[in-house]
Amino acid sequence: MPELPEAETIARGLNRILPGRAVRRVSVLREDVVDGPRDGFVAAVEGKCFNAAGRRGKNVVLSLGDSSRLVVNLGMTGRLLPELSRSTHPAVLFQMQDGGCLVYDDARRFGRLAILAAPEWRRWSRTLGPEPLARSFTGRRLHGILARSRSPVRNLLLDQKRIAGIGNIYAVEALWAGRVHPRAPANSVGPRSAARLHRALRKVLRNAIQARGTTLRDYRTAEGMEGGFGPALRAYGRAGQPCVRCRTTIRRIVFTGRPAYYCRRCQGSGHDLRSVHPMAVPSTRPREGSAP
DNA sequence: AGTGTATCCTGCAGGC
DNA sequence: TGCCTGCAGGATACAC
């Protein structure tokens, strides 16, 4: 669920309610969501004051008064909610000194919470790729990243170490908007297509942030609201429906275990597909040993 | 280097 | 209604 636009929306919401508030008590209800021993986690947060809320890639980053950071990877179903009453699967409860609280809620518990001291934070942040909305992330830079890999471009976009914050939904949407086939080898995307993909990617991410993200099921903003980007999806989840550009039926394919959606006409000459996956299996002869 | 698979978990939709 | 299967927005580890 939560990709860059969702993490950004949550961070903005928390930034309105969290800074300046001190944590009185931390209850780890589900030990598997915290990184390292429970006691260490609790001790690192109790008594500290929350400062600014931000984001790195698809992680929500909450600064604590002592320059350490609480990094929240929301996994598939993680949420950060300001009221326990909205929580269906509370995993960590932060009770504030002012009587309020912050709940980390996570049905599937694929999310992780980690406390990083300043140097660890810098080290960890360096393991992630560039922020796609940063000024420094240019079309040329994207092209440079793509040129170094033969992986399908969709997979490249999902790799947090190469570009931070993109998940399957926005990868699929950006590829549709940029008219690039999801399975095209990354290094087959030329500079012009890379520039188009770059513009498409940033536009999709910005529009999604403006709509407060995409709720397919579990995602909620810090205010408990659903995201509004769902109706703006043009490819993701639209298999069998007409492409809004050319009316060709949107297709769903699965590779590397994950679905991709695309328009064959806008995005995909079968050309690159065929060169990657030769359809030709010429032999109609029975395999050795299966002959009568 | 890249691909496929399994793993961590739960909830839900769809088929029977 | 209930049981079963497959699927899901993420990340990682492993074998090949």
Side-chain angles (χ1 to χ4, degrees), chain A residues 1-10 29-35 55-60 71-80 87-92 104-114 124 127-129 145-176 182-188 201 204-205 208-209 211-221 226-240 252-261 272-273 275-278:
Chain A
M1 155 218 329
E3 307 181 26
L4 185 157
E6 291 77 25
E8 177 69 25
T9 303
I10 291 167
L29 310 170
R30 295 291 200 159
E31 187 155 19
D32 50 1
V33 304
V34 302
D35 193 53
R55 176 191 64 73
R56 177 75 173 98
K58 44 179 93 158
N59 303 275
V60 176
V71 176
V72 182
N73 184 301
L74 299 154
M76 298 266 235
T77 54
R79 313 160 169 178
L80 284 162
S87 174
T88 55
H89 298 78
V92 181
Y104 178 69
D105 178 286
D106 192 346
R108 286 174 75 180
R109 304 206 301 282
F110 282 4
R112 288 295 173 271
L113 278 64
W124 171 80
T127 67
L128 296 180
I145 291 168
L146 299 181
R148 277 182 268 131
S149 171
R150 301 186 327 231
S151 283
V153 59
R154 193 279 312 258
N155 294 9
L156 227 279
L157 293 175
L158 294 184
D159 185 346
Q160 303 300 300
K161 292 186 283 298
R162 296 194 248 211
I163 305 170
I166 303 166
N168 204 34
I169 294 180
Y170 298 111
V172 162
E173 288 300 303
L175 290 163
W176 178 86
R183 201 161 195 170
N187 62 5
S188 75
L201 176 63
V204 165
L205 293 174
I209 290 170
R212 288 179 269 95
T214 305
T215 296
L216 294 187
R217 178 175 298 167
D218 302 283
Y219 160 71
R220 295 294 181 278
T221 70
E226 296 192 2
F229 198 67
L233 296 176
R234 296 290 178 252
Y236 190 87
R238 295 192 72 248
R252 178 185 191 268
I253 53 174
V254 177
F255 56 97
T256 327
R258 316 197 62 189
Y261 303 82
D272 34 19
L273 268 192
S275 61
V276 181
H277 277 286

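First the proteins, then the strands, lettered A, B, ... as listed; each starts at 1.
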- Message: For A/Glu173, give me all partners under salt bridge (Lys or Arg N to Asp or Glu O under 4.0 Å), at least two apart in sequence or on another chain.
- Response: none

- Item | Of residues 107-114 of chain A, the positions that come close to DNA chain B - non-hydrogen atoms, cut-off under 4.0 Å | A/Ala107, A/Arg108, A/Arg109, A/Phe110

- Task: Output all residues satisfying side-chain contact (heavy atoms from CB on, under 4.5 Å) with A/Ala91, sequence neighbours left out; order by chain, then residue number.
- Result: A/Arg30, A/Val33, A/Tyr104

- Give the stems involving DNA chain B, where a stem is 3 or more consecutive Watson-Crick or G-U wobble pairs (i with j, i+1 with j-1, and so on) under 3.5 Å. B:2-8 with C:10-16, B:10-16 with C:2-8

- Message: Among residues at least two apart in sequence or on other chains, which ones pass salt bridge (Lys or Arg N to Asp or Glu O under 4.0 Å) with A/Arg56?
- Response: A/Glu131

- Message: Can you list everything that forms a salt bridge (Lys or Arg N to Asp or Glu O under 4.0 Å) with A/Arg112? Sequence neighbours excluded, please.
- Response: none

- Item | Protein-nucleotide distance (A/Glu6, atom CD; C/dA8, atom C1'), rounded to Å | 14 Å

- Which residues satisfy the salt bridge (Lys or Arg N to Asp or Glu O under 4.0 Å) test with A/Asp35, sequence neighbours excluded? none

- Message: List the residues meeting side-chain contact (heavy atoms from CB on, under 4.5 Å) with A/Ser87, not counting sequence neighbours, and say none if there are none.
- Response: A/Leu81, A/Leu84, A/Pro90, A/Val103, A/Asp105

- Would you tell me if any nitrogen or oxygen in the side chain of A/Gln160 comes within less than 4.0 Å of OP1 or OP2 on C/dA11? yes

- Query: With A/Ala211, which residues qualify under side-chain contact (heavy atoms from CB on, under 4.5 Å), at least two apart?
  - Reply: A/Phe229

- Using ring pair (Phe, Tyr, Trp, His ring centres under 6.0 Å) as the criterion, list what pairs up with A/Tyr261, not counting sequence neighbours. A/Tyr236

- Please report, rounded to the nearest Å, how far the C1' atom of C/dA11 is from the CG atom of A/Asp106. 13 Å

- Task: Only counting residues at least two apart or in another chain, list the ones meeting side chain to side chain donor-acceptor pair (under 3.5 Å) with A/Arg212.
- Result: none

Check nucleotides 1-3 of chain B against the protein and report each pair of N or O atoms closer than 3.5 Å, with its distance, or say if there are none.
residue: B/dG2; atom: OP1; partner: A/Ser149; partner atom: OG; Å: 3.0
residue: B/dG2; atom: OP1; partner: A/Arg150; partner atom: N; Å: 2.7
residue: B/dT3; atom: OP2; partner: A/Ser151; partner atom: OG; Å: 3.1

- Query: Hey, does A/Tyr236 reach any base, or is it just sugar-phosphate, or nothing, if we go heavy atoms under 4.0 Å?
  - Reply: sugar-phosphate

